[in-house]
Amino acid sequence: MLDIRLIRENTDLVKARLQSRGGDSYLRVDEILECDRQRRAAETRLQQLQGDRKRISKEIGARKGRGEDTSAVEAEVRGIGDEISRLNEEATGCDVRQRELLLQLPNLPHPGAPVGADAADNPEVRAWGSPVSLGFPAKSHIELSERLGLLDFERAARMSGSAFVAFTGDGARLERALINFLLDLQTRQHGYVEIAAPLLVRPEALVGTSQLPKFEEQLYRCERDDLYLLPTAEVPVTNLHREEILALDQLPKKYAAYTPCFRREAGSAGLGTRGLIRMHQFDKVELVQIVKPETSFEELESLTAHAEKALQLLGLHYRVIELCTGDIGFGATKTYDIEVWAPGQNAYLEVSSCSNFGDFQARRMNLRFKGEDGKNHFCHTLNGSGTALPRLFVALLETYQQPDGSIRLPEPLHAYFGAATIG
RNA sequence: GGUGAGGUGGCUGAGUGGUCGAAAGCACCGCUUUGCUAAAGCGGCAUACUCGAAAGGGUAUCGAGGGUUCAAAUCCCUCCCUCACCGCCA
């Protein structure tokens, strides 16, 4: 959520930066400002009247104490009361409307963000390694896992529908090995505190991290209890400290969490394609940081490096791209995507998206810290996948496939998996 | 799911209709005293919004929302949460 003062005082800047995202969100700015004007006018008048009433009511109390008759004054104040409730409704109405509008407005891309229209304009920042040369035609993870009995798409679809999968046998074991490997890496080497979070969350939590109100259709909802299945661990982990005022020495907070993630993927391209690339349910290890504003961009670099480290240890070729203004997500001010090479797909797959949200989420969830000046300030929040599992699974199988269709696992996974090869 | 108790400032905790944004204590921050530590004394110490160029005002907030009243921390209703016990359950 953007600061209404920023919008009020730097209207043109805000509009320009919103406009750089494409879309028409900048058109809402004037409506918000008009709402803000109305709200403040109503509040000012309301406060005057409340002051009047307060004074007179105290006077009534004092006079009653002296045994005087006050019925005339009481009748007079009653009239003020009506006007107060009218103005109160007006002010509250404006306030609610203003918040609704603000919640719909995306974050401002940071000033240095590459300007562009869509994903085609995202610059590559760096690459690590190079595409594996297998020396034979690469098989897809679908074919590989079928031979090895690692995944069961058909039976999963029979009971749950398409875009669900069952991991079976060594497939399930590998999935579990990856989760443990990733969590251990982030907690033991990079200082993240492990969180096992609730998988069902209230709508407020989703408003906090900005999945709601705009992206309702992407979420699974349990209507009976008004709870949502989480689309990413970002939601429960960032919201851990919602409504809190953290002490300076508690920052930065660094959390790593494994959770399944649930996404309806309504309207997504590629939902129909076979394989693990896009699922309604998938596993992910997520990194979250809550930091002081001054350090958030540095921390984005370190958080991204932490995610990259996993791929490096697994010996998987990847590239890092920065999202341009037209492609960056709703709440983010700066985002790096990490894409891993999958030879069987002949494509790079997005396995991590690392974002700095600035104070955008913190405002929504009222997450603050007590600064050195003794005042409360909004924290900055960051998160990134470290990493998404299914696409990592894909890259791993396809990169380490042998001519006979078996898989030779990279060394760091041997202990976790309990063997060096599959098949 | 049932029954009961309860939610007041960073913490503890008073406060059952008016002079209560809220006693007191602790914690914290200044200053004084002091050989050091400690103690004592004095003062300060919530948040948000709003008016104002500023100085400085004002309003709201005692879990949340509604209601009664000239006036609500205090009375009424709904909801949320916490705790205890019972039932059920991995």
Query raised in the report: Watson-Crick or G-U wobble partner for B/C75, using a 3.5 Å limit on both distances?
Result: B/G67

**Report entry** Pairwise C1' distance for B/U61 and B/A22, with rounding to whole Å
**Finding:** 12 Å

Report task. Kindly say if A/Lys54 contacts the phosphate of B/A60, meaning a side-chain N or O under 4.0 Å from OP1 or OP2. Result -> yes

Query raised in the report: If you draw a 6.0 Å radius around CZ in A/Arg155, do more than 12 non-hydrogen atoms from other residues or ligands fall strictly inside?
Result: no

Requested in this report: Determine the Euclidean distance between corresponding P atoms of B/C28 and B/C77; express it in Å to zero decimal places.
Outcome: 43 Å

**Report entry** ring-ring contact (aromatic ring centres under 6.0 Å, His included) partners for A/Phe153, two or more places apart
**Finding:** none

Query raised in the report: Touch check for A/Arg368, heavy atoms < 4.0 angstrom, all strands: base, sugar-phosphate only, or nothing?
Result: sugar-phosphate

Query raised in the report: Checking all strands, does A/Asp95 fall into the base, sugar-phosphate, or nothing category for heavy-atom contacts under 4.0 angstrom?
Result: nothing

Report task. Grab the CG-C1' distance between A/Asp69 and B/C70 for me, whole Å please. Result -> 13 Å

Query raised in the report: With respect to the side chain of A/Arg39, which nucleotide from B/A48, B/U59, B/C49 is positioned closest?
Result: B/C49

Report task. For the residue pair A/Phe360 and A/Phe330, categorise the inter-ring angle as parallel (less than 30°), tilted (30 to 60°) or perpendicular (more than 60°). Result -> perpendicular

Query raised in the report: Between B/U59, B/C70, B/A48, which nucleotide gets closest to the side-chain atoms of A/Gln50?
Result: B/U59

Query - B/U32 and B/A23, which share atom name C1', separated by this distance in whole Å - result: 27 Å

**Report entry** Interatomic distance, A/Asp3 CG vs B/C49 C1' [rounded to whole Å]
**Finding:** 13 Å

**Report entry** Gap in Å between the two C1' atoms, one belonging to B/G6 and one to B/G13, rounded
**Finding:** 14 Å

Query raised in the report: Within the structure shown, what part of the strands sits under 4.0 Å from A/Arg202 by heavy-atom distance: base, sugar-phosphate, or nothing?
Result: sugar-phosphate

Report task. Evaluate the ring planes of A/His241 and A/Tyr255, with Trp represented by its six-membered ring, and classify them as parallel (under 30°), tilted (30 to 60°) or perpendicular (over 60°). Result -> parallel

**Report entry** Interatomic distance at C1', B/U12 relative to B/G65, whole Å
**Finding:** 29 Å

Requested in this report: Let me know, please, whether A/Arg40 or A/Gln48 comes out on the 5' side of the other along RNA chain B by nearest nucleotide.
Outcome: A/Arg40

Query - Test log, rule salt bridge (Lys or Arg N to Asp or Glu O under 4.0 Å), inputs A/Asp12 and A/Lys15 - result: CA-CA 5 Å; A/Asp12 292 339; A/Lys15 280 185 185 173; 5.2 Å; no

Query raised in the report: Atom CZ of A/Phe369 to atom C1' of B/G10: distance rounded to whole Å?
Result: 18 Å

Query raised in the report: In the structure shown, which nucleotide is the Watson-Crick or G-U wobble counterpart of B/A40, with both distances under 3.5 Å?
Result: B/U32

Report summary line: Using Watson-Crick geometry (N1-N3 plus N6-O4 or O6-N4) or G-U wobble (N1-O2, O6-N3), each under 3.5 Å, B/A60 is paired with B/U47

Query raised in the report: Below 4.0 angstrom from OP1 or OP2 of B/G17, is there any side-chain N or O of A/Lys58?
Result: no

Report task. Pick the P atom in B/G21 and in B/G63, then give their distance to the nearest Å. Result -> 16 Å

Report task. Grab the CG-C1' distance between A/Asp36 and B/A48 for me, whole Å please. Result -> 15 Å

Query raised in the report: With nearest nucleotides of RNA chain B determined for A/Ser57 and A/Arg53 from heavy-atom distances, which residue corresponds to the more 5′ nucleotide?
Result: A/Ser57

**Report entry** Rounded P spacing from B/U82 to B/C20 in Å
**Finding:** 35 Å

Query raised in the report: For B/U50, does OP1 or OP2 lie under 4.0 Å from any side-chain N or O of A/Arg5?
Result: yes

**Report entry** Integer-rounded Å distance: B/A48 P and A/Glu243 CD
**Finding:** 13 Å

Query raised in the report: Please walk me through it: do A/Arg202 and A/Asp226 pass salt bridge (Lys or Arg N to Asp or Glu O under 4.0 Å)?
Result: CA-CA 7 Å; A/Arg202 291 195 171 152; A/Asp226 202 21; over 6 Å; no

**Report entry** Nucleotide of B/G58, B/C51, B/C70 approaching A/Thr44 most closely (side-chain heavy atoms)
**Finding:** B/C51

Query raised in the report: Now, which nucleotide makes the Watson-Crick or G-U wobble pair with B/A53, with each of the two distances under 3.5 Å?
Result: none

Query raised in the report: Got a sec: does the CZ of A/Arg242 have more than 12 other heavy atoms crowding it under 6.0 Å?
Result: yes

Query raised in the report: Using purine N1 to pyrimidine N3 plus N6-O4 or O6-N4 for Watson-Crick, or N1-O2 and O6-N3 for G-U wobble, both under 3.5 Å, which nucleotide pairs with B/G25?
Result: B/C11

Query raised in the report: Rounded to whole angstrom units, what separation is found between the CG atom of A/Asp226 and the P atom of B/C81?
Result: 12 Å

Query raised in the report: On a whole-Å scale, what distance lies between the C1' atoms belonging to B/G35 and B/G43?
Result: 27 Å

Query raised in the report: Is B/C83 paired to anything, Watson-Crick or G-U wobble with both distances less than 3.5 Å, and if yes, which nucleotide?
Result: B/G4

Query raised in the report: How close or far is atom P of B/A71 from atom CD of A/Glu76, stated in whole angstroms?
Result: 13 Å

Query raised in the report: How are the rings of A/Phe164 and A/Tyr220 set to each other: parallel, tilted or perpendicular (split at 30° and 60°)?
Result: tilted

Query raised in the report: Does A/Arg8 make a side-chain N or O approach to OP1 or OP2 of B/U50 shorter than 4.0 Å?
Result: yes

Query - Atom-to-atom span, CG of A/Leu246 to P of B/U47 - whole angstrom - result: 15 Å

Query raised in the report: So what does A/Ile56 hit on the nucleic acid, given a heavy-atom distance under 4.0 Å: a base, only sugar-phosphate, or nothing?
Result: nothing

**Report entry** Distance test, side-chain N/O of A/Arg78 to OP1/OP2 of B/U68, below 4.0 Å
**Finding:** no

